[in-house]
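Reading through the structure tokens given below for one structure.
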Amino acid sequence: MSATFTPAPGAAPLSRMVLSQARMEARLMLRNGEQLLLAIVIPVIVLVGGVAAAGRLGLDLDGHRAVDVLTPGVLALAVMSTAFTSIAIATGFERRYGVIKLLGSSPLPRHGLLLGKVVALLNVVALQLVVLVVVGLALGWRPSLAHPPTSILALVLAVALGTAAFAALGLFVAGVLRAEATLALANLVYLLLMAGGGVVLPTTTYGSAGTVIQWLPSGALGEALRSALVDATVDVRSLLVLAVWAAVGTVLTARTFRWE
């Protein structure tokens, strides 16, 4: 008896659709010259230039070698550049050209579309960290290995919560502003936080302003990564700050994001 083919039309499982969307988003990010500049080139320049300048001036930071403090800070900068600036600009222009609206009408649910963006971000962030770790090691960076399990746990938590916080805030900005305004604001915020947000340098270097900066998502991410890779400790306060920013950004995005 011959078998009869019976078609079974319908959408693929949500997990498969999200992963497919994430692969496409990651490829688009890596093919975009501006995104690569923000994601890899600028952080590498900041790291190499900062270590070279500190070496010429004979500086140390909080009693540590400059490269050991700057490398975790630049890792935090890389996470911020991709999770906030890149996703905000890309999503803003996708809204302008109607891409978001078209994708929102596909079998992939709208929350699945946003989840795909976050998964793509994690892939790009992982690539950034690999590149920057190699550059840091070449410059003489020696991450603290006093308690490897603690350092790894603190690193994973900091990167995950930092990515979630900045991605949520980036989607919030992209969902309420026009593309041109998103472009200007995202780049402005990136520059301000890079210079004075406690990302690259410890919050203690900002004097009394450091008590405020440590509550910013940038300062919390920088401190969490420095604690993980310099002191081999888990900075619970900074991780909680990042979790709060992630929750606030998620709620704001859910309530205000416009698909057109």
Side-chain angles (χ1 to χ4, degrees), residues 39-40 42-84 125-166 193-243 245-246:
I40 296 176
I42 290 179
V44 168
I45 291 174
V46 171
L47 178 57
V48 174
V51 171
R56 284 194 171 192
L57 297 174
L59 298 178
D60 61 5
L61 298 169
D62 292 341
H64 300 283
R65 296 186 311 148
V67 67
D68 293 332
V69 176
L70 290 175
T71 302
V74 172
L75 294 178
L77 176 66
V79 172
M80 183 183 76
S81 68
T82 298
F84 177 74
V125 167
L127 174 62
Q128 288 177 284
L129 298 186
V130 170
V131 172
L132 291 171
V133 164
V134 170
V135 174
L137 292 174
L139 294 172
W141 175 45
R142 292 194 296 270
S144 175
L145 298 176
H147 301 92
T150 301
S151 295
I152 293 173
L153 174 63
L155 173 64
V156 171
L157 289 175
V159 171
L161 289 173
T163 301
F166 280 109
L193 293 182
M194 180 172 62
V199 185
V200 179
L201 297 174
T203 56
T204 54
T205 62
Y206 294 90
S208 58
T211 57
V212 176
I213 293 173
Q214 65 182 347
W215 297 102
L216 297 175
S218 55
L221 178 57
E223 291 301 301
L225 284 175
R226 279 184 286 272
S227 294
L229 299 173
V230 176
D231 303 319
T233 59
V234 178
D235 188 343
V236 177
R237 185 201 61 80
S238 295
L239 294 177
L240 288 176
V241 171
L242 289 172
W245 277 104

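Keep in mind it's a predicted model, so treat the numbers as computed, not measured. For the numbers below, each heavy atom of this structure counts, side chains included, while hydrogens, waters and symmetry mates do not.
- Side chains of V230 and P72 form a contact here, defined as non-hydrogen atoms less than 4.5 Å apart.
- Applying the side-chain hydrogen bond (donor to acceptor under 3.5 Å, both in side chains) test to pairs two or more places apart or on separate chains, none has a residue in residues 45-55.
- With rounding to the nearest 0.5 angstrom, the CG atom of L127 is 9.0 Å from the CG atom of L132.
- Residue pairs satisfying the side-chain hydrogen bond (donor to acceptor under 3.5 Å, both in side chains) criterion with at least one member in residues 127-140, sequence neighbours excluded, are listed as follows: T82-Q128.
- When side chains are defined from C-beta on, E223 does not count as touching I213, because their heavy atoms never get closer than 4.5 Å.
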Note to self: Set out, in order, the CA-CA distance, both residues' side-chain angles and the distance that settles side-chain contact (heavy atoms from CB on, under 4.5 Å) for V133 and W141, then state yes or no.
What the structure shows: CA-CA 9 Å; V133 164; W141 175 45; 4.0 Å; yes
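- Remark: side-chain polar atoms of W245 are paired, donor with acceptor, to backbone N or O of W215 under 3.5 angstrom.
- Here D68 pairs with R65 under the side-chain hydrogen bond (donor to acceptor under 3.5 Å, both in side chains) rule; sequence neighbours left out.
- Here L225 contributes atom CG and S151 contributes atom OG; the two are 11.0 Å apart, rounded to the nearest 0.5 Å.
- Put simply, the residue from I45, V46, I40, V44 that forms a side-chain contact (heavy atoms from CB on, under 4.5 Å) with I42 is V46.
- Side-chain contact between S218 and F166 is present, with heavy atoms from C-beta onward closer than 4.5 Å.
- Scanning both residues, D231 and S144, for their nearest heavy atoms gives C-OG, 4.2 Å.
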Donor-acceptor pairs under 3.5 angstrom involving side-chain atoms of residues 199-208: please list them, not counting sequence neighbours.
from	atom 1	to	atom 2	distance (Å)
T204	OG1	D62	OD1	3.3
T204	OG1	D62	OD2	3.2
T205	OG1	P202	O	2.6
Y206	OH	A195	O	3.3

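- Applying the salt bridge (Lys or Arg N to Asp or Glu O under 4.0 Å) test to every pair with at least one member in residues 205-217, sequence neighbours left out, gives no pairs at all.
- For the atom pair CG of L229 and CD1 of I152, the computed distance is 10.0 Å after rounding to the nearest 0.5 Å.
- For the atom pair L70 CG and R226 CZ, the distance stands at 9.0 Å (nearest 0.5 Å).
- In this structure, the separation between CZ on F84 and CG on L221 is 13.5 Å, given to the nearest 0.5 Å.
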Using atom types as modelled, flag every donor-acceptor pair under 3.5 Å from a side chain in residues 156-164 to any protein atom, sequence neighbours excluded.
from	atom 1	to	atom 2	distance (Å)
T163	OG1	V159	O	2.7

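- With rounding to the nearest 0.5 angstrom, the CG atom of L216 is 11.0 Å from the CG atom of L242.
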